[in-house]
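Written out below as structure tokens is the structure these notes cover.
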2 protein chains.
Amino acid sequence: MAASRRSDCPISFALDAFGDRWTLLVIRDLLFKHKHRYSEFLVSEERMATNILADRLRKLEDAGMITRTKAARNAGGVTYELTEKGLDLAPLLVEMILWSAKHDAATAAEPEFVATALQDKQALLAAVTRL
Amino acid sequence: MAASRRSDCPISFALDAFGDRWTLLVIRDLLFKHKHRYSEFLVSEERMATNILADRLRKLEDAGMITRTKAARNAGGVTYELTEKGLDLAPLLVEMILWSAKHDAATAAEPEFVATALQDKQALLAAVTRL
DNA sequence: CTGTATCCTTAGGGATACTG
DNA sequence: CAGTATCCCTAAGGATACAG
């Protein structure tokens, strides 16, 4: 992705930034599933490969959509957090959920997830504007 | 795309449907640029290859997001139209535009495009609910 | 005009082993 | 725990020529 830039179109720009089948799953995990660690991202239902995950995390960091923080000595590990730029994808993700809820049987059968998204929408948008 | 289905997650479902670098450009052309013909899609700034375009048009039709209509004998050619399912992507596209407007210099420098999107948002959402 | 067909190249991705 | 490294393979994509 982010292959140089195909045009000045905003849709095209967005697709260059996250128009693939994996990137937004990482954002989803950060946004809705409150995951912050490499090992947590790995255990998703979609079974992302380790090299793919590492690649996407690096690209998201390069694009300024997440931050990577080496935790203090006593607390082990690395933590990923959304930046404002990443948080600003929340409305987009919510629209994806709503679209799927309307047009996909499996999603429609999961009213709790959709309800959560609808509740979160307010909270997330509030969080975004609060930044 | 649409490789069987990776999980029941709505985000994942949406990505399986249009999570690539080309599909949403076709939707954009239908939605914002009022293109309806194969030859029109081809002349975009992104220079889509003929085989890619044909592939995406077919997949979009298979997914029920667009219709393909052979025009009457006197009027030559084929016309593509968005279905309700395709039209329902309008809010998503608008969110993409707004995100790019905020985070991309080139987009921010195009206030007319963004303004159009904002105006269209109302009209498009009205159109969607009207269906 | 609306595509197919073909060729060929590259990028994406799965599996698995391994390292600081 | 947080990744790299490798291998190997398939799918995606560009170019171009051709067809109904």
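Computation of the quantities below employed the complete heavy-atom set of this structure, encompassing side-chain atoms and omitting hydrogens, waters and symmetry-equivalent molecules. Naming: A, B, ... by sequence-line order, numbering from 1 per chain.
In this view, A:Ala101 and A:Thr107, A:Val114 satisfy the side-chain contact (heavy atoms from CB on, under 4.5 Å) rule, not counting sequence neighbours. Listed by chain and residue number, nothing satisfies the ring-ring contact (aromatic ring centres under 6.0 Å, His included) test with B:His36 (two or more places apart in sequence, or in another chain). Residues satisfying the side-chain contact (heavy atoms from CB on, under 4.5 Å) test with A:Arg58, not counting sequence neighbours, are A:Asp62. Partners of B:Glu110 under the salt bridge (charged side-chain N to carboxylate O under 4.0 Å, His left out) rule, at least two apart in sequence or in another chain, do not exist in this structure. Looking at residues two or more places apart in sequence or on another chain, you find a side-chain contact (heavy atoms from CB on, under 4.5 Å) between B:Ala49 and B:Asn51, B:Ile52. Checked against side-chain contact (heavy atoms from CB on, under 4.5 Å), A:Ala109 has no partners two or more places apart in sequence or in another chain.
Axis deviation across the helix from C:dC1-D:dG20 to C:dG20-D:dC1 amounts to 50°, comparing end segments of five pairs, rounded to 10 degrees.
Here A:Tyr38 does not reach the OP1 or OP2 of D:dT4: none of its side-chain N or O atoms lies under 4.0 Å away. The shortest distance between the side-chain N/O atoms of A:Trp22 and the OP1/OP2 oxygens of C:dG13 is below 4.0 Å. A close approach under 4.0 Å does occur between a side-chain nitrogen or oxygen of A:Tyr80 and OP1 or OP2 of D:dG3. Proximity of B:Arg37 to the phosphate of C:dC1: no side-chain N or O atom is located under 4.0 Å from OP1 or OP2. Residue B:Arg21 places none of its side-chain N or O atoms closer than 4.0 Å to OP1 or OP2 of C:dA11.
Within the 4.0 angstrom heavy-atom criterion, no nucleotide atom of any strand lies near B:Phe41. Within 4.0 Å of A:Arg68, counting heavy atoms only, lie sugar-phosphate atoms of the nucleic acid but no base atom.
Counting only residues at least two apart or on different chains, the side-chain hydrogen bond (donor to acceptor under 3.5 Å, both in side chains) pairs with a member in residues 24-33 of chain A are A:Arg28-A:Glu46.
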Take B:Glu84 and A:Lys102 through the side-chain contact (heavy atoms from CB on, under 4.5 Å) test and state the conclusion after the steps.
CA-CA 11 Å; B:Glu84 181 183 358; A:Lys102 182 170 179 186; 2.8 Å; yes
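Here the P atom of nucleotide C:dT2 and the CE atom of B:Met48 are 15 Å apart, to the nearest Å. Spacing between atom CG of A:Leu42 and atom P of C:dA15 amounts to 13 Å, rounded to whole angstrom units.
Closest contact between the side chain of A:Val78 and the listed nucleotides D:dA2, C:dG3, C:dG13 involves D:dA2. Residue A:Ile52 places its side chain closer to C:dG14 than to any other of D:dT4, D:dC1, C:dG14.
The backbone N or O of B:Gly64 lies less than 3.5 Å from a partner atom in the side chain of B:Thr83, making a donor-acceptor pair.
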Within the 4.0 Å limit for protein heavy atoms, which parts of nucleotides 15-20 of chain D are touched? Write it as a string from 5' to 3', B for base, S for sugar-phosphate only, - for none.
BB----
